[in-house]
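So the structure is just underneath, and the comments pick up after that.
Model, not experiment: these values are computed from the prediction.
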Amino acid sequence: MALRRGHIRYLKVCEVQTSQNDVRDGQHAAKGPAVKRADDGGRRRPDQLIVNYLPQSMSQDELRSLFSSVGDVESAKTHPGQSGSLGYGFVNFVNPSDAERAISTLNGLRLQSKTIKVSFARPSSDMIKDANLYISGLPRTLSQQDLEDMFTRFGHIINSRVLVDQASGLSRGVAFIRFDKRSEAEDAVKHLNGHTPPGSSEPITVKFAANPNQARNSQMMSQMYHGQSRRFGGPVHHQAQRFRFSPMSVDHMGGGNSVSGNSSTGWCIFIYNLGQDADEAILWQMFGPFGAVVNVKVIRDFNTNKCKGFGFVTMTNYEEAAMAIHSLNGYRLGDKVLQVSFKTSKGHK
DNA sequence: TATTATT
């Protein structure tokens with residue numbers, strides 16, 4: 001399916017702009033031994049995938065559902081945080097050979113505002129925990145590559161990111177670097193904290209990054225602190241709360257006959273005019289960017305296993321479902337123009 | 001001067 005392939009390539013291009021390491025990992029995973037890195041030998045589990053940059057709203061069931069589009073999932077776990085997941089999870093397939101295909105199919109998939117990363121997990125160990133560094137006071141001219149060049153002598157860099165101002169796209173002078181081992185990160189702190197890069201007048205600060213839980217707590221504390229002085233110190237703008245339809249509230253509206261597409265699990269969307277080779281992955285790729293997708297299903301002929309021309313997608317939030325329908329109805333997929341609407345009990349027109 | 005990568 002030409003269009004699908006093009007779509008995936010586009011997603012990969014997005015990834016290139018985000019992080020070089022992501023790409024290196026992705027290629028490594030997709031191509032196998034050809035681009036083997038010496039320091040990866042024996043340090044990855046071919047039976048388990050780690051999924052990073054997941055939307056926090058994504059549940060374990062949604063993660064399972066997403067990877068079920070590739071093969072039978074044995075287990076799917078998200079790391080629980082205060083509100084939803086911490087942004088990463090683990091997936092095992094019944095048949096481990098599906099893992100490679102999951103990487104090539106799902107790595108780089110855009111879900112909501114995130115671009116997920118799918119790669120082989122490293123064997124769990126205490127050594128690889130708390131190996132993430134926070135660096136501040138960097139020259140604004142320093143690129144991600146410059147940053148890695150500065151830190152690479154201390155160990156194997158898993159990933160790095162220079163934070164940029166959203167409006168201007170310019171460096172904010174702060175960055176994160178994750179090393180493979182905590183001892184490597186410790187080494188980098190020892191040697192580079194307080195060090196002034198050549199051509200710069202300011203020393204950089206290198207320290208261990210606050211872990212996600214701490215970061216969220218301090219962020220919350222700070223919000224509470226500032227929020228209170230604001231709340232009681234000035235005029236209160238009554239923020240009109242955006243009204244959200246929810247399956248629950250509709251169910252309470254009586255009967256639900258006048259409203260279609262909803263159920264206890266979300267809003268069911270009907271997609272008509274899919275090609276014979278349509279699969280679950282393409283539905284995830286099309287609908288995922290619009291919001292929380294609970295489930296996707298391609299209806300296939302029992303005997304031929306070919307798509308019968310239609311499928312369903314269930315989304316949690318009405319507004320996101322409506323936006324997806326509005327955007328994707330009439331969308332040209334391959335040589336067909338899709339019809340996308342809320343599922344009706346009577347069937348489509 | 002803070003993103004969410006080890007169950």
Gap between atoms CD1 and P, on A/Ile103 and B/dA5 respectively (whole Å): 16 Å

query: CD1 of A/Ile116 versus C1' of B/dA5: gap in Å, rounded?
result: 14 Å

message: With a cut-off of less than 4.0 Å, is there a side-chain N or O of A/Arg122 near OP1 or OP2 of B/dA5?
response: no

Minimum-distance nucleotide to A/Val174 side chain [options: B/dT4, B/dT1, B/dT6]: B/dT1

message: Between A/Val73 and A/Val94, is there a side-chain heavy-atom distance shorter than 4.5 Å?
response: no

- prompt: Can you check the A/Phe208 CZ to B/dT3 P distance for me, whole Å?
  reply: 19 Å

message: Parallel, tilted or perpendicular: which one describes the rings of A/Phe310 and A/Phe312, with boundaries at 30° and 60°?
response: perpendicular

field: Closest to the A/Arg161 side chain, choosing from B/dA5, B/dT6, B/dT3
entry: B/dT3

- request: Tell me what A/Lys129 touches on the nucleic acid: a base, only sugar-phosphate, or nothing, going by heavy atoms under 4.0 Å.
  value: sugar-phosphate

message: Base, sugar-phosphate or nothing for A/Leu163? Non-hydrogen atoms, less than 4.0 Å.
response: sugar-phosphate

query: Is the distance from OP1 or OP2 of B/dT6 to the nearest side-chain N or O of A/Lys77 less than 4.0 Å?
result: no

Centroid distance under 5.5 Å and plane angle under 30°, A/Tyr134 vs B/dA2: yes

- prompt: Just how far, in rounded Å, is P of B/dA2 from CG of A/Leu138?
  reply: 13 Å

- prompt: Among B/dA2, B/dT6, B/dT4, which is the nearest nucleotide to the side chain of A/Ala210?
  reply: B/dA2

message: Can you tell me which nucleotide in B/dT4, B/dT6, B/dA2 comes closest to the side chain of A/Phe176?
response: B/dA2

- prompt: Looking only at heavy atoms, what is the nearest atom pair of A/Val313 and A/Ile271, with distance?
  reply: CG2-CD1, 3.6 Å

query: A/Glu184 side chain to A/Lys181 main-chain N or O, any donor-acceptor pair under 3.5 Å?
result: yes

Options B/dA2, B/dT1, B/dT4, nucleotide nearest the side-chain atoms of A/Ser136: B/dT1

- prompt: What nucleotide, of B/dT6, B/dA5, B/dA2, holds the atom closest to the side chain of A/Tyr53?
  reply: B/dA5

query: Under 4.0 angstrom, heavy atoms only, what part of the nucleic acid is A/Arg45 near: base, sugar-phosphate, or nothing?
result: base

Neighbour count >12 (heavy atoms, 6.0 Å) for atom NZ, A/Lys297: no

message: Rounded to whole Å, please give me the gap between CD1 in A/Ile177 and P in B/dT3.
response: 17 Å

- request: Determine, answering yes or no, if A/Tyr88 is stacked on B/dT4 under the 5.5 Å centre rule and the 30° plane rule.
  value: no

- request: Please state whether the phosphate of B/dT4, meaning OP1 or OP2, lies under 4.0 angstrom from any side-chain nitrogen or oxygen of A/Arg178.
  value: no

